Each structure stands twice: as structure tokens, then as C-alpha cells.
Amino acid sequence: QVQLVESGGGLVQAGDSLTLSCAFSGRTFTNYNMGWFRQAPGKERDIVAVISLRDGRTGYAASVKGRFTIFRDNAKNTVYLLMNSLKTEDTAVYYCEGRMGALSMRLYDYDLWGQGTQVTVSS
């Protein structure tokens with residue numbers, strides 16, 4: 001059974017950095033393109049960043065480009081999200097996601113996701 005387990009969330013101040021991790025198990029990690037999306041209270045889910053399974057191509061939402069970096073370690077079956085210069089509007093539950101199809105920036109193209117980790121950014 002496939003599992004995606006996020007960790008690394010917490011309470012930080014605006015301007016701080018935080019790195020989220022997503023541990024993937026149960027299937028062959030390198031068959032999946034991976035990504036992160038988030039959901040703030042009362043708002044729709046938004047895709048944040050994606051990374052391809054083999055060549056490391058990435059994609060970012062405009063709101064995080066230049067501040068967030070997605071990377072993966074295929075040897076550890078883990079995908080990470082490095083978040084710099086955090087803003088209060090980054091407060092959300094962050095979810096890891098995966099799909100076997102082509103790399104996509106469309107949230108609902110992804111059919112695997114974890115339980116999420118809370119990130120709260122205070123001013």
C-alpha cells in the first residue's frame with residue numbers, strides 16, 4: 001500500500017525558513033512525478049511546486065517562485081520543499097502528492113497524497 005508521509009511543519013515567523021519532507025513508500029518512487037500543494041483555511045487547494053521523476057525538471061506557482069525550492073532524493077524515496085522568506089500568506093496545510101503520468105501543474109492530475117503537515121507563519 002502506497003504511503004506518503006509529510007513532516008517538518010511548524011510555527012515560524014515571517015522571513016524564516018522551513019523544510020518539509022515527504023517520505024514515499026509502498027511503490028517504486030522513481031515511477032512518480034511528485035509535488036506539493038497547500039490549503040489555507042477557507043481557501044481552495046493550490047499547487048505549490050512539482051518535480052519530475054528522473055530529470056529533475058521543476059515547476060512552481062507564481063506566488064512561491066524564487067522563495068521555495070522542491071527537490072527529491074531518489075535514494076531515500078523522499079521529496080522536499082525548502083521554503084525561504086516565508087510570509088503570513090504561506091500559512092496552510094501542506095500536502096505531498098504523486099502521479100505516474102506526465103509532470104503537471106494541475107492539482108487534480110495527482111492521485112496520491114499524504115495527510116499533510118501544518119505550516120503557520122506569524123507576523
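Because the structure is a prediction, the values reported are computed rather than measured. In this chain, residues are counted from 1 in sequence order.
- Residues Gly9 and Thr117 come closest through the heavy atom pair N-OG1, 3.1 Å.
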TODO: Apply side-chain contact (heavy atoms from CB on, under 4.5 Å) to the pair Val2 and Tyr32, showing each step before the final yes or no.
DONE: CA-CA 12 Å; Val2 63; Tyr32 288 83; 5.6 Å; no
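- Counting non-hydrogen atoms of neighbouring residues, nucleotides and ligands closer than 6.0 angstrom, the CD atom of Gln118 exceeds 12 such neighbours.
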Open item on the list: Walk me through whether Met105 and Val50 qualify under side-chain contact (heavy atoms from CB on, under 4.5 Å).
Closed with: CA-CA 7 Å; Met105 284 295 291; Val50 299; 3.5 Å; yes
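- When Leu20, Asp90, Val121 are each tested for a side-chain contact (heavy atoms from CB on, under 4.5 Å) with Met83, only one passes: Leu20.
- Side-chain contact between Leu107 and Glu44 is absent, with no heavy atoms from C-beta onward closer than 4.5 Å.
- Relative to the ring axis of Phe29, Arg72 places its NZ or CZ within 45° and under 6.0 Å from the centre.
- Taken together through direct or relayed side-chain contacts under 4.5 Å among Ile, Leu, Val, Met, Phe, Trp and Tyr, Val48 and Leu112 form part of one hydrophobic cluster.
- Ile51 and Val64 fall within a single hydrophobic cluster, where Ile, Leu, Val, Met, Phe, Trp and Tyr are joined by side-chain heavy atoms under 4.5 Å apart, directly or via other members.
- Taking 4.5 Å as the limit, some side-chain heavy atom of Leu86 sits within range of a side-chain heavy atom of Phe68.
- Taken together through direct or relayed side-chain contacts under 4.5 Å among Ile, Leu, Val, Met, Phe, Trp and Tyr, Val119 and Tyr60 form part of one hydrophobic cluster.
- Minimum heavy-atom separation, Gly10 to Leu18: N-CD2, 4.0 Å.
- Screening Tyr80, Tyr110, Phe24 against Met34 for a side-chain contact (heavy atoms from CB on, under 4.5 Å) leaves a single residue, Phe24.
- Here the closest non-hydrogen pair linking Glu6 and Gln115 is OE1-N, 3.1 Å.
- Side-chain atoms of Val79 and Ile70, non-hydrogen and from C-beta on, do get closer than 4.5 Å to each other.
- Of all heavy-atom pairs between Ser17 and Ser85, the closest is OG-N, 4.3 Å.
- Note that the CZ atom of Arg27 and the CE atom of Met100 stand 8.0 Å from one another [nearest 0.5 Å].
- Atom OG1 in Thr19 sits 4.5 Å away from atom CG in Leu82 (nearest 0.5 Å).
- Donor-acceptor pairing under 3.5 Å is recorded for the side chains of Arg38 and Tyr94.
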TODO: I would like to know whether Leu4 and Tyr95 meet side-chain contact (heavy atoms from CB on, under 4.5 Å); could you show each step before the answer?
DONE: CA-CA 9 Å; Leu4 279 66; Tyr95 299 86; over 6 Å; no
Task: Trace of the side-chain contact (heavy atoms from CB on, under 4.5 Å) decision for Trp36 with Cys22 - done: CA-CA 9 Å; Trp36 291 89; Cys22 171; 3.7 Å; yes
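- Of all heavy-atom pairs between Thr91 and Ala40, the closest is O-CB, 3.5 Å.
- Closest heavy-atom contact between Ser104 and Arg99: CB-NH1, 4.0 Å.
- For the residue pair Asn33/Ser52, the side-chain donor-acceptor check at 3.5 Å is not satisfied.
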